[in-house]
Amino acid sequence: TGTNVGYLYHGGGSDSVSIRQNFEGVTYTAGNVYEFMIDIGDGKYDGSGDQPYVLNIYAGSTLIGTRSGSTGDIDKLETVTVTSDEVNPDLNGQAIGFEIVNPRSEDGGDLIFDNVQATVTPG
């Protein structure tokens, strides 16, 4: 919907495609809640259809929150939220990262996203 929109194309086959970013200066603290909101959807053209997605939150290389779903062939973007659910003091100081995965493996498809926002709620 904005000037810059992310796009993950999967051309079929068994591998997924993904994009991940670690956030400089944002590190894990046990008890804090890390939440990401993202506008995600499928394109408004032939072949876009219902697209599956997986959203992951990491502390270093450890998965601390995940959400999977599908776009429902809505031809627009909708806001989806994923929240951390891990409380592990051994992860303190690890960089927080966010990953978007297009796991489609049959006939491929486009996953479109925009407006990624993050919040940290102290525990």
Side-chain angles (χ1 to χ4, degrees):
T1 58
T3 305
N4 299 306
V5 177
Y7 167 89
L8 283 175
Y9 172 72
H10 192 294
S14 61
D15 295 330
S16 62
V17 293
S18 64
I19 186 169
R20 178 178 171 171
Q21 180 175 354
N22 287 337
F23 295 90
E24 188 174 326
V26 180
T27 58
Y28 180 84
T29 301
N32 285 356
V33 176
Y34 301 88
E35 181 176 83
F36 286 84
M37 292 179 293
I38 181 172
D39 295 341
I40 197 162
D42 51 74
K44 191 174 183 177
Y45 45 86
D46 287 342
S48 64
D50 185 19
Q51 298 298 309
Y53 61 82
V54 179
L55 307 174
N56 295 316
I57 304 172
Y58 290 91
S61 61
T62 302
L63 184 65
I64 62 170
T66 189
R67 179 174 179 169
S68 60
S70 67
T71 62
D73 195 16
I74 56 174
D75 297 336
K76 64 178 183 176
L77 299 174
E78 287 192 334
T79 303
V80 177
T81 301
V82 59
T83 304
S84 64
D85 55 12
E86 181 77 26
V87 179
N88 184 346
D90 292 339
L91 299 174
N92 284 348
Q94 296 290 314
I96 295 295
F98 181 62
E99 178 182 50
I100 306 162
V101 181
N102 182 346
R104 190 149 190 113
S105 61
E106 296 167 4
D107 56 356
D110 304 327
L111 188 61
I112 300 167
F113 56 93
D114 195 8
N115 195 28
V116 178
Q117 299 179 44
T119 59
V120 178
T121 305

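All values derive from a computational prediction rather than experimental measurement.
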Decide yes or no for [X] and [Y]: does some side-chain heavy atom of the first lie under 4.5 Å from some side-chain heavy atom of the second?
X    : Y    : value
F98  : V82  : yes
N115 : I38  : no
L111 : Y9   : no
V33  : T83  : yes
E86  : L91  : yes
L8   : D110 : no

Nearest 0.5 angstrom please: [X] [atom1] to [Y] [atom2], how far?
X    : Y    : atom1 : atom2 : value
T71  : K76  : OG1   : NZ    : 11.5 Å
M37  : T119 : CE    : OG1   : 6.0 Å
T29  : N92  : OG1   : CG    : 5.5 Å
I74  : Q51  : CD1   : CD    : 11.0 Å
N102 : F113 : CG    : CZ    : 10.0 Å

Would you mind telling me which of D85, T66, I64 makes a side chain to side chain contact (heavy atoms under 4.5 Å, CB included) with I57?
I64
In the single-linkage hydrophobic clustering (I, L, V, M, F, W, Y; side-chain heavy atoms under 4.5 Å), do [X] and [Y] co-cluster?
X    : Y   : result
V116 : I96 : yes
V26  : Y28 : yes
V17  : L55 : yes
L77  : V80 : no

Evaluate side chain to side chain contact (heavy atoms under 4.5 Å, CB included) for E35 paired with T81, printing each intermediate quantity in order.
CA-CA 7 Å; E35 181 176 83; T81 301; 3.4 Å; yes
So if I apply the ring-ring contact (aromatic ring centres under 6.0 Å, His included) rule between F23 and each of Y34, F36, Y58, which one comes out positive?
F36
Can you confirm whether the side chains of E99 and N56 place a donor and an acceptor under 3.5 Å from each other?
yes
Between D50 and S70: side-chain donor-acceptor atoms closer than 3.5 Å:
yes
For residues V54 and S68, report the shortest heavy-atom separation together with the two atoms involved.
CG2-CB, 4.0 Å
Looking at every heavy atom in both P103 and S16, which two are closest together, and how far apart are they?
CA-CB, 3.7 Å
